[in-house]
Amino acid sequence: MTAKTIPALTLAAAAAFFALGPAPQARAQQAKGKQQAKAAAKGQEIGTLKVQGNVYMIVAPGGNVVVQTGDWGVLVVDTPAEGASDAVIAEIRKLSSKPIRYLINTSMDHTATNAAISRAGAPITGGNLGAVAFDNGATIVAHENVLGRMSNVPEGQKVPNADSLPTTTFNEGQKEIFFNDEPVLAMFQPKAHTDGDSIVFFRRSDVIAAGDVFDMTSFPKVDLAKGGNIEGVIKALNIILDLCVPRHEQEGGTYVIPGRGRLTDEHDVLEYRDMVTIIRDRVKNLVGKGQTLAQVKAAKPTYEYDARWGSTTGPWTTDMFVEAVYKSLGGK
Amino acid sequence: MSLLKWTRPLVLLTAFVAAPSASAQVDLTGMWNPQFTEDQPERIPGPELLDYAGIPLNDFARKWALAWAPDRLGLQEHQCQVHTAAYIHRGPLALRIWEERDPQTQNITAIHMYTSTYEQNRVVYMDGRPHPPEYAAHTWQGFSTGKWDGNVLTVHTTHIKQGWHRRNGIPSSDLIDLTDHFVLHGDAITHISVVTDPVYLSEPLIKSEDYVRNTNPNGNWLWPCEYVNELPGSDRAKVPHYLPGENPFMDEFRSKYKLSLDAVLGGPETMYPDYMEKLKVAK
């Protein structure tokens, strides 16, 4: 058989052998893929993944928990949903027996079990006396708007336990911590998912904890009631892109841990940024034409992204996202 | 020495030689060059804009592609984007294959594939290890495990990045599932891939390519791409795209080849020979 005869045979063989056979299997795979995507989206799995350097990612209900370990202790970014803190602390203990020294919140939406995670550690301040004398947990770091909103909860909503409130806040720019031989930067992202968002950059490990400005399970949650805005989300995504340096052919290098969903690198952030920007542009165009919210929703500006990122049920639906984008852009 | 003592090794040897085809394997090692005679217009000059025919894309993918502006590839972070494992065999490349064996058993533990041009390394694990958890990172080449189906190497790959099913804007999602078959014919390999995409395909996408052995495999093309913004004053945050209904290339391809819009917009129907009859009626 010569090479020139192969293409014709190839087509025939492919059609006969594979096209007839795998269709049901492929459909099953597609169904399985959707199930897996939904399971991942709900954050049902608890598992730990070493990212690189000193940084680990714990996948937990309520979102990803980021852990940095070293000789000086443990630094944690974000806390899981109620009921999952014991399991997350157990995962942290598999990584290090050192005390948890810092807990950083990327936004108010990742503070559900601050008290439990903080209490599993102790602050550096006061040394071996401080923890005993003051019975304090790990230092909780967040933008001051997180503290402000946790301290002024709207009537009817659950008031956070005092132990869960941030103990060290910052206003503008970034909070810098040098821990475990590594600069750790909590970088404020104004008016993004909320008005208190930070991304956390582990500069030596080359890992970014993005919080909810980047969610691999859904469209970004733009919480207008808490000061969020779609423009701020896009700015934050572009800042993450600026911080990322791929290792080779747009792959690896800086890793980015989203608020929810799988581990990513710059290319994943890039595709997400493209999507959010395109949807923003479409809604902006319709707002500019004076269209109502109902008209904008009817135009389906998220259409081709819905199968991967959209939802008709749950706490953050596609409709809610479109409405948030519309109102972010001045739609009435 | 009893007869049994002599016959036992003989029986074992016979059983080993006559082992079922599941354990059979062929030697794919070497340097392989692709033959571009099949699907040449798509593979070498590249597909034309608005030519989605033959791809079983769904309506989500179609809308995605219609909004895609080629300028997007000029954004600095897109400049070094390479093909995924599900597409890379379509591109210009040389394929080098080698084996990794357990030194104690000489069983193949992995098959390595290096595709030049894009400097992509793919490891096909043959040791039965599981795929990573859902939350692991995705890569261009994904995570691959292989097995022998008789003399065919069948590879299953997951954890592949978002890319394209055709490089004119038809997206492939980050949830694709890829099965490759490598079939050796003397000094040629037929590669057949079956891609399922729960987000952007209605049916599996089946493609094939052929390789011939390169007996002078010294040329190796390296491409250490580093992106850069070469447009001073350009808006860093701008993403080129077409608003719905404003794609300026809507009629270019179909007019050139006198095809109906339905045909060029693709979909599963356009994969099958029956569609030729429909085209004739449409004319």
Side-chain angles (χ1 to χ4, degrees), chain A residues 1-4 6-7 9-11 13-15 17-19 22-23 26 29-31 33-34 36-37 39-40 45 47 49 57 59 64 234-235 238 241 244 246 248-252 255 261-268 270-271 273-274 277-278 281-282 285 299 301 303-308, chain B residues 35 37-38 58-64 67 72 75 77-82 118-120 133-140 161-162 171 173-175 177 179 181 185-188 190 192 194 196-200 203-204 206-210 212 223-225 227 236-239 241 243-244:
Chain A
M1 185 187 298
T2 67
K4 284 182 180 176
I6 292 172
L9 290 175
T10 296
L11 277 181
F17 185 67
F18 298 110
Q29 285 172 342
Q30 287 178 351
K34 285 178 182 173
Q36 288 170 338
E45 292 179 83
L49 194 68
M57 162 181 163
V59 178
N64 292 324
I234 293 172
K235 279 182 188 167
N238 281 313
L241 290 179
C244 286
H248 180 68
E249 317 298 49
Q250 195 56 18
E251 181 173 281
Y255 280 95
R262 69 170 174 81
L263 180 62
T264 69
D265 62 15
E266 184 178 51
H267 183 73
D268 301 295
L270 176 67
E271 295 288 3
R273 186 285 307 264
D274 287 1
T277 304
I278 289 168
D281 289 352
R282 289 175 182 171
N285 178 55
Y303 179 77
E304 65 266 46
Y305 301 106
D306 287 350
R308 172 65 176 84
Chain B
Q35 302 299 288
T37 48
E38 186 180 15
N58 60 24
D59 201 43
F60 296 122
R62 189 176 293 112
K63 291 292 192 302
W64 203 104
R72 203 185 303 180
L75 295 182
E77 293 91 352
H78 277 295
Q79 291 167 10
C80 297
Q81 178 175 349
V82 300
Y118 315 102
E119 295 186 23
Q120 292 296 295
E134 285 293 305
Y135 46 84
H138 289 205
T139 61
W140 298 118
K161 280 184 178 297
Q162 180 176 333
S173 80
D174 65 341
L175 296 177
D177 188 292
T179 302
H181 303 277
H185 315 274
D187 280 335
T190 296
I192 301 159
V194 183
T196 61
D197 186 341
V199 180
Y200 289 125
E203 292 184 20
I206 302 165
K207 294 177 293 187
S208 61
E209 297 85 19
D210 295 290
V212 293
W223 187 47
C225 180
Y227 60 63
R236 177 78 177 75
K238 190 176 176 186
V239 177
H241 65 97
L243 289 169

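To find a chain, count down the sequence lines: A is the first, B the second, and so on, and within it residues start at 1.
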(request) Check salt bridge (Lys or Arg N to Asp or Glu O under 4.0 Å) between B:Lys63 and all other residues, then give those that pass, not counting sequence neighbours. (result) B:Asp59

To the nearest 0.5 Å, what is the distance between [atom1] on [X] and [atom2] on [Y]?
X        : Y        : atom1 : atom2 : result
B:Gln162 : A:Thr264 : CD    : OG1   : 12.5 Å
A:Glu266 : B:Cys80  : CD    : SG    : 9.5 Å
A:Glu304 : B:Trp64  : CD    : CH2   : 8.5 Å
B:Lys161 : A:His267 : NZ    : NE2   : 6.0 Å

(message) Taking side chain as everything from C-beta outward and backbone as N, CA, C, O, which of these in A:Glu249 sits under 4.5 Å from a heavy atom of chain B? Side chain, backbone, both or neither.
(response) both

(request) Select one option (side chain, backbone, both, neither) describing which atoms of A:Ile278 are under 4.5 Å from chain B's heavy atoms. (result)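 Interface part for A:Ile278: both.
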
(request) Under 4.5 Å, counting heavy-atom pairs only, tell me which of B:Asn58, B:Asp187, B:Leu243, B:Val82 racks up the most with chain A. (result)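 Option with the greatest count: B:Leu243.
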
(request) Please assess A:Arg308 against B:Asp174 for the test salt bridge (charged side-chain N to carboxylate O under 4.0 Å, His left out), listing each intermediate value before the final yes or no. (result) CA-CA 9 Å; A:Arg308 172 65 176 84; B:Asp174 65 341; 2.8 Å; yes

Heavy-atom distance under 4.5 Å to chain A: side chain of [X], backbone, both or neither?
X        : value
B:Thr139 : both
B:Tyr227 : side chain
B:Arg72  : side chain

(message) Closer than 3.5 angstrom, by distance alone: can the side chain of A:Glu251 be matched with the main-chain N or O of B:Trp140 as a donor-acceptor pair?
(response)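 Yes, A:Glu251 side chain to B:Trp140 backbone: donor-acceptor pair under 3.5 Å.
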
(message) Given 3.5 Å as the limit, does a donor-acceptor pair link the side chain of A:Gln250 with the main chain of B:Glu77, or not?
(response)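 Answer holds: yes.
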
(request) Check the side chains of B:His138 and A:Asp268 for a donor-acceptor pair under 3.5 angstrom, ignoring hydrogens and angles. (result)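 Looking only at side-chain atoms, B:His138 and A:Asp268 do not form any donor-acceptor pair under 3.5 Å.
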
(request) Under the side-chain hydrogen bond (donor to acceptor under 3.5 Å, both in side chains) rule, collect the residues that match up with B:Glu119, sequence neighbours excluded. (result)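 Only A:His248 meet the side-chain hydrogen bond (donor to acceptor under 3.5 Å, both in side chains) criterion with B:Glu119.
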
(message) Using every non-hydrogen atom in the two residues, find where B:Ala136 and A:Leu49 come nearest and quote the distance to one decimal.
(response) CA-CD2, 3.8 Å

(request) Quick one: closest heavy-atom pair of B:Ala237 and A:Arg273, and the distance? (result) CA-NH1, 4.4 Å

(request) Please determine, among A:Asp274, A:Asn238, A:Thr277, the option with the most heavy-atom pairs under 4.5 Å with chain B. (result) A:Asp274

(request) Mind telling me whether B:Phe60 and A:Tyr303 have parallel, tilted or perpendicular rings, with 30° and 60° as the class edges? (result)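 Correct class here is tilted.
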
